[in-house]
Amino acid sequence: MSAYKSEFLRVLSSRGYIHQVSEPEALDQIAKSSRITAYIGFDCTAPSLHVGSLLPIMMLRWLQKTGHRPIALMGDGTTRVGDPSGKDESRQLLTDELIEKNLKSIRAVFDKFLSFGKGAGDAVMANNADWLNKLNYIDFLRDVGRHFSINRMLTFDSVKFRLEREQELSFLEFNYMILQAYDFVELHKRYGCVLQMGGSDQWGNIVNGIDLGRRLAGAQLFALTSPLITTAAGAKMGKTAAGAVWLDAKMVSPYDYWQYWRNTVDADVARFLKLFTELSLDEIGRLAALQGQELNEAKKILATEATALLHGRAAADQAAATARTTFEEGALAETLPTIEVKRSDLEKGIGVLTANVQAGFVASTSEARRQIKGGGLKVNDVTVTDDKMVLTPRDLTPEGVIKLSLGRKRHVLLRPV
């Protein structure tokens with residue numbers, strides 16, 4: 001559908017969020033004439049969401065900004081099962097205590113993007129454990145399970161790909177799509193929710209919920225999926241050599257988060273400005289038209305705007321200023337990310353490989369060794385050539401720190417305490 005009439009679908013379409021919509025004309029009409037309620041589910045498998053979860057969070061944000069009500073569904077219940085979508089093997093099962101701890105940590109991110117409250121358009125934080133943990137298995141099989149065809153479930157990508165690769169799919173995971181469908185129906189019953197959004201790999205699961213809602217409640221429900229976002233090089237969003245780019249400032253500093261966006265390749269700048277900032281399309285068009293070195297200015301704006309949404313404008317401006325001091329003025333910026341090390345450990349000597357793992361540049365000492373072979377690691381702006389190098393108090397700068405660098409754009413200060 002080319003020309004949406006509702007502001008919500010117009011915004012999502014123009015900024016590149018839409019991959020598929022079920023019954024687009026009907027959804028467009030309802031979104032134009034009334035306030036709709038829509039949800040996206042987030043499982044609690046880690047203490048923080050990462051950049052890969054940012055696109056669905058932005059979809060909920062735009063939903064609310066265009067006058068509708070978003071539901072962020074915490075998958076306390078479904079995390080106990082594990083979503084097989086896109087996975088080659090069963091997910092490790094977490095304890096109830098760890099799931100609860102992760103859930104509390106994740107909730108804080110949504111306060112940065114959504115406005116919660118009791119008003120008609122205020123966002124809702126729901127938890128599917130509220131209904132899934134109370135289900136009677138026999139009743140659930142009889143009332144809900146009978147509406148699912150095994151033949152049809154075997155055709156869904158999340159199941160089919162696992163079986164084609166001859167990877168085991170547990171009965172527990174096989175039930176995930178039934179539970180997700182039930183979530184949709186339950187949210188419709190509790191909140192009047194009519195739309196589920198998610199990545200394109202969730203299409204089959206969402207359609208299951210639409211079908212179940214029609215069978216159980218005679219409800220007209222809708223699906224909207226976004227494209228799965230990869231970089232121009234085909235890499236998964238939010239992955240670096242050092243691991244995931246987390247949304248929690250305690251796990252990835254605002255400066256490192258800024259740098260992640262600053263390192264966007266040229267071909268991704270315009271697309272990421274549309275998806276991960278709220279700049280106008282006219283301004284994005286102007287920035288995307290920049291060429292050569294000038295395009296670096298667009299990357300800095302992308303980094304600052306994306307960081308401001310998550311960490312606040314002050315933290316974003318400070319990260320930009322730190323980068324400017326470090327790269328353009330060649331000075332040692334005291335606001336660079338700092339890792340504290342015990343002075344006694346430094347006096348004994350800290351291997352350069354270990355130090356770079358501690359700095360979060362690499363996931364292992366073997367990866368650090370590869371970076372040294374490629375000339376990628378520096379200590380106090382001097383390229384490291386010996387992987388057996390040991391850092392001692394002699395390496396401290398006049399400011400009392402040791403500066404570690406990976407490439408030209410990633411820096412951490414080691415500070416003895």
Side-chain angles (χ1 to χ4, degrees), residues 1-42 49 51-73 109-117 119-124 191-200 202-203 206 221-229 237 247 261 264 268-289 298 301-302 304-310 313:
M1 184 168 169
S2 55
Y4 290 109
K5 296 180 174 62
S6 64
E7 185 187 6
F8 167 57
L9 289 178
R10 273 205 314 273
V11 168
L12 258 59
S13 177
S14 64
R15 299 186 80 95
Y17 289 102
I18 297 180
H19 177 69
Q20 276 181 289
V21 186
S22 67
E23 300 184 77
E25 293 86 358
L27 177 61
D28 189 37
Q29 181 56 41
I30 294 172
K32 181 177 181 294
S33 60
S34 62
R35 175 183 284 118
I36 64 168
T37 299
Y39 94 95
I40 299 177
F42 300 85
L49 299 175
V51 162
S53 299
L54 197 56
L55 186 130
I57 293 173
M58 289 297 294
M59 291 170 75
L60 290 176
R61 183 173 172 87
W62 281 114
L63 177 79
Q64 187 168 46
K65 284 173 70 74
T66 54
H68 303 286
R69 180 168 66 156
I71 297 176
L73 179 66
V109 170
F110 290 92
D111 287 326
K112 311 278 185 68
F113 291 89
L114 302 174
S115 173
F116 291 90
D122 284 334
V124 173
Y191 301 102
C193 180
V194 297
L195 172 64
Q196 183 184 352
M197 300 187 291
S200 59
Q202 293 293 318
W203 180 258
I206 300 175
L221 305 179
F222 300 92
L224 188 157
T225 59
S226 60
L228 291 181
I229 302 299
M237 275 290 291
L247 303 184
W261 294 106
T264 298
D268 287 329
V269 173
R271 185 166 55 120
F272 287 1
L273 282 166
K274 288 180 182 179
L275 294 172
F276 302 113
T277 81
E278 293 179 343
L279 294 176
S280 71
L281 293 180
D282 287 343
E283 175 67 2
I284 291 170
R286 184 188 71 76
L287 293 170
I301 290 171
L302 165 64
T304 302
E305 294 301 312
T307 303
L309 279 173
L310 177 62
R313 181 63 59 181

* Starting at CG of Leu228, measure out to NE2 of His19 and round the result to the nearest 0.5 Å. => 7.5 Å
* Below 4.5 Å, heavy atoms only, C-beta onward: do Thr37 and Leu195 meet side chain to side chain? -> no
* Asked: Less than 6.0 Å separating the ring centroids of Phe110 and Phe42?
  -> yes
* Heavy atoms only: give me the nearest Leu221-Ser22 pair and the separation to one decimal. => O-OG, 4.5 Å
* Asked: So, does Gln64 use its side chain to make a donor-acceptor pair with the main chain of Ser115 at under 3.5 Å?
  -> yes
* Asked: Hey, are the side chains of Leu275 and Leu54 touching, using non-hydrogen atoms and a 4.5 Å cut-off?
  -> no
Would you mind writing out the side-chain donor-acceptor pairs for residues 55-63 within the sub-3.5 Å range, not counting sequence neighbours?
{"residue": "Arg61", "atom": "NE", "partner": "Glu278", "partner atom": "OE2", "Å": "2.3"}
{"residue": "Arg61", "atom": "NH1", "partner": "Phe113", "partner atom": "O", "Å": "2.9"}
{"residue": "Arg61", "atom": "NH2", "partner": "Glu278", "partner atom": "OE1", "Å": "3.3"}
{"residue": "Arg61", "atom": "NH2", "partner": "Glu278", "partner atom": "OE2", "Å": "3.2"}
{"residue": "Trp62", "atom": "NE1", "partner": "Tyr17", "partner atom": "OH", "Å": "3.3"}

* Gap separating the NZ atom of Lys5 from the OG atom of Ser33, nearest 0.5 angstrom -> 12.0 Å
* Asked: Is Arg271 close to Ile229 at the side-chain level, that is, under 4.5 Å between some pair of heavy atoms?
  -> yes
* Gly198 to Ile206 - nearest heavy-atom pair and separation -> N-CD1, 4.2 Å
* **Side chain to side chain, Leu287 and Leu279, heavy atoms closer than 4.5 Å** => yes
* Identify the two heavy atoms, one from Ile71 and one from Cys193, that lie closest to each other, and give their separation to 0.1 Å. => CD1-CB, 4.2 Å
* Structure fact -> To the nearest 0.5 Å, atom CG of Leu12 lies from atom CD1 of Ile18 at 5.0 Å
* Please name the pair of heavy atoms, one in Gly121 and one in Pro70, separated by the smallest distance, quoted to 0.1 Å. => O-CD, 4.1 Å
* Structure fact -> Note: Phe276 and Leu309 closest approach over all heavy atoms is O-CD1, 3.6 Å
* To do: Could you tell me which non-hydrogen atom of Ala298 sits nearest to which non-hydrogen atom of Val269, and how far apart they are?
  => CB-CG1, 4.0 Å
* Report the C-alpha separation of Ile40 and Leu73 in whole Å, then their side-chain angles, then the decisive distance to 0.1 Å, and conclude whether the side chain to side chain contact (heavy atoms under 4.5 Å, CB included) test is met. => CA-CA 6 Å; Ile40 299 177; Leu73 179 66; over 6 Å; no
* Structure fact -> CD of Glu7 to NZ of Lys65, rounded to nearest 0.5 Å, is 9.5 Å
* Check the pair Glu283, Arg286 against salt bridge (charged side-chain N to carboxylate O under 4.0 Å, His left out), reporting the backbone distance first and the verdict last. => CA-CA 5 Å; Glu283 175 67 2; Arg286 184 188 71 76; 3.0 Å; yes
* **Between CG on residue Leu281 and OG on residue Ser14, distance to nearest 0.5 Å** => 4.5 Å
* Tell me, do Ile36 and Phe222 make a side-chain contact under 4.5 Å, heavy atoms counted? -> no
* Asked: Does the Arg69 side chain pair with the main chain of Ala38, one donor and one acceptor, at a distance under 3.5 Å?
  -> no
* Backbone N/O of Trp261 and side chain of Thr264: donor-acceptor pair under 3.5 Å -> yes
* CE of Met197 to OG of Ser226: how many Å apart, nearest 0.5 Å? -> 9.0 Å
* So, the side chain of Arg15 versus the backbone of Lys274: is there a donor-acceptor pair under 3.5 Å, distance only? -> yes
